[in-house]
Amino acid sequence: MAPHTPTTPLDVAAVVARLRATFATHRTRSTAWRRGQLEALRTLLTEHADELVAALHEDLGKGPKEAYRTEVGFTINEIDHTLAHLDDWLASRPADLPERLLPATGHVVREPLGVVLVIAPWNYPLQLALAPLVGALAAGNCAVVKPSELAPATSTALARLLPRHLDDEAVAVVEGAVPETTALLEQRFDHLFYTGNGTVGRIVMAAAAKHLTPVTLELGGKSPTVVDLGTDLAVAAQRIVSGKFLNAGQTCVAPDYVLAVGDTAEGLEEHLAEAVRERFGADPAAAPEYGRIVNERHFDRLTALLGSGRTVVGGIHDRATRYLAPTVLADVTPDAPVMREEIFGPILPIVRVPDLDAAIAFINERDKPLALYAFTASDDTRHRLLTETSSGALTFGLPVAHLTAPDLPFGGVGESGMGRYHGEYSLDTFSHSKAVLDKPA
Ligand code: NAD
């Protein structure tokens, strides 16, 4: 692990005080400043794309195409979308007033919150630090970014590049692990934006309560994929494989497990094995676009789950390189170890359910997922999943895709989180919608 400069609690307080002083000058409120910061962030990403892609490879073995598309390119798209709509999103919105108040005018103005904290995880260490930052800057805030210590190369790159390209009196990077994050959480922020697991999410929320700070918690969980009767299994298998094994399964919205309705499991097993071979070749260890497990702790956790079912494809692993092949497990029972917690790795269990009623009951008996996916040819199934289940997102026919659409809100519900972002939803998260009423004398 690369060394990081430890930040003492005193340093952290000074960083926050510096940003607060900048916010008090009001300069971050102008649209020109916001645009300038977003354009500078875009320049950082384009000028340093190769070095960022290399850092992502070092941290997670990400292939260059995947690293660019899901991290650097993703963030550039978010910036471009924001720049294209910023004037519109910042325009004050007239509000209708009740007749008894007339003559008068009413409108709603989005105002920045102040100094916000973005705490990022290791799995998409660039995207999940910078996409929230895009929203924070677009909304006119100052921001502290705390990258994940488990992706040290990306963390170091962000700490070096962000202050060089952005207004360093308004944006700061604090590197570090639990002590530094704990010190940060003692400070008063105007919004906390945390992406990661629910255990730390609770720590963040408890810290926020002390200062009455609003929080966004982007958490995870087990996202099911329902494969209904009458589905084109070859298409479903290809798309499940591409969503599941992205970043070696270390994606918060990856399909966690398949709920195979009726007899779909048999055909699906073969198609999934075929789709894995098609995508990663006979030896995925040699595939340039197949990633590695982030560290040995996660590697050991994952390999301990391999006995949870019959191996359809994969299962091969190598601790020295933290390689775990794309793996599909069949005949998995609902109480198998692999079904107890979010997998967050390249293991796809298939659980059989007799019918759609059983699939819906299975989903509703568990925590509300970050995403629910379904492959179906039936409008009735679509309607039932839409109205009888709850999840952060519901996507038919293409797992993971919803998060690339900036006009769709991204976030969880219940155990999968609270709040949402991307596009205009980020503006909402990082702004206060102020009611303004003007009554003439
Ligand atoms: P992680 O271990 O990198 O932790 C996230 C952040 O929390 C880091 O910055 C870390 O320094 C900080 N942290 C860790 N322990 C802390 C503590 N005790 N006190 C204060 N801060 C602490 O990432 P992770 O949690 O392993 O990430 C994986 C989880 O995140 C999965 O559950 C995944 O589904 C979820 N996730 C969700 C999203 C989303 O957008 N909803 C995206 C990615 C990951």
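Whatever order the structure lists ligands and atoms in, that order sets their numbers, starting from 1.
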**Prompt:** When you measure from the side chain of Asn141 to the backbone N and O of Phe430, does any donor-acceptor pair fall under 3.5 Å?
**Reply:** yes
Correct closest heavy-atom pair for Val134 and Thr82 would be CG1-OG1, 3.7 Å
Under 4.0 Å from ligand 1, residues with heavy atoms, in chain and number order, are Ile119, Ala120, Pro121, Trp122, Asn123, Leu128, Lys146, Pro147, Ser148, Glu149, Leu150, Val178, Thr181, Tyr194, Thr195, Gly196, Asn197, Val200, Ile203, Glu218, Leu219, Gly220, Cys252, Glu342, Phe344, Leu370, Phe410
Residues pairing under side-chain hydrogen bond (donor to acceptor under 3.5 Å, both in side chains) where one sits in residues 402-414, two or more places apart or in two chains, turn out to be His81-Asp407, Thr395-His402
| No-hydrogen, no-angle side-chain donor-acceptor test under 3.5 Å, Asp59 and Thr154 | yes
Residues at least two apart in sequence or cross-chain that pass ring pair (Phe, Tyr, Trp, His ring centres under 6.0 Å) with Phe362, listed by chain then number, are Tyr257
Taken in chain and number order and not counting sequence neighbours, the residues that satisfy ring pair (Phe, Tyr, Trp, His ring centres under 6.0 Å) with His422 are Phe74, Phe410
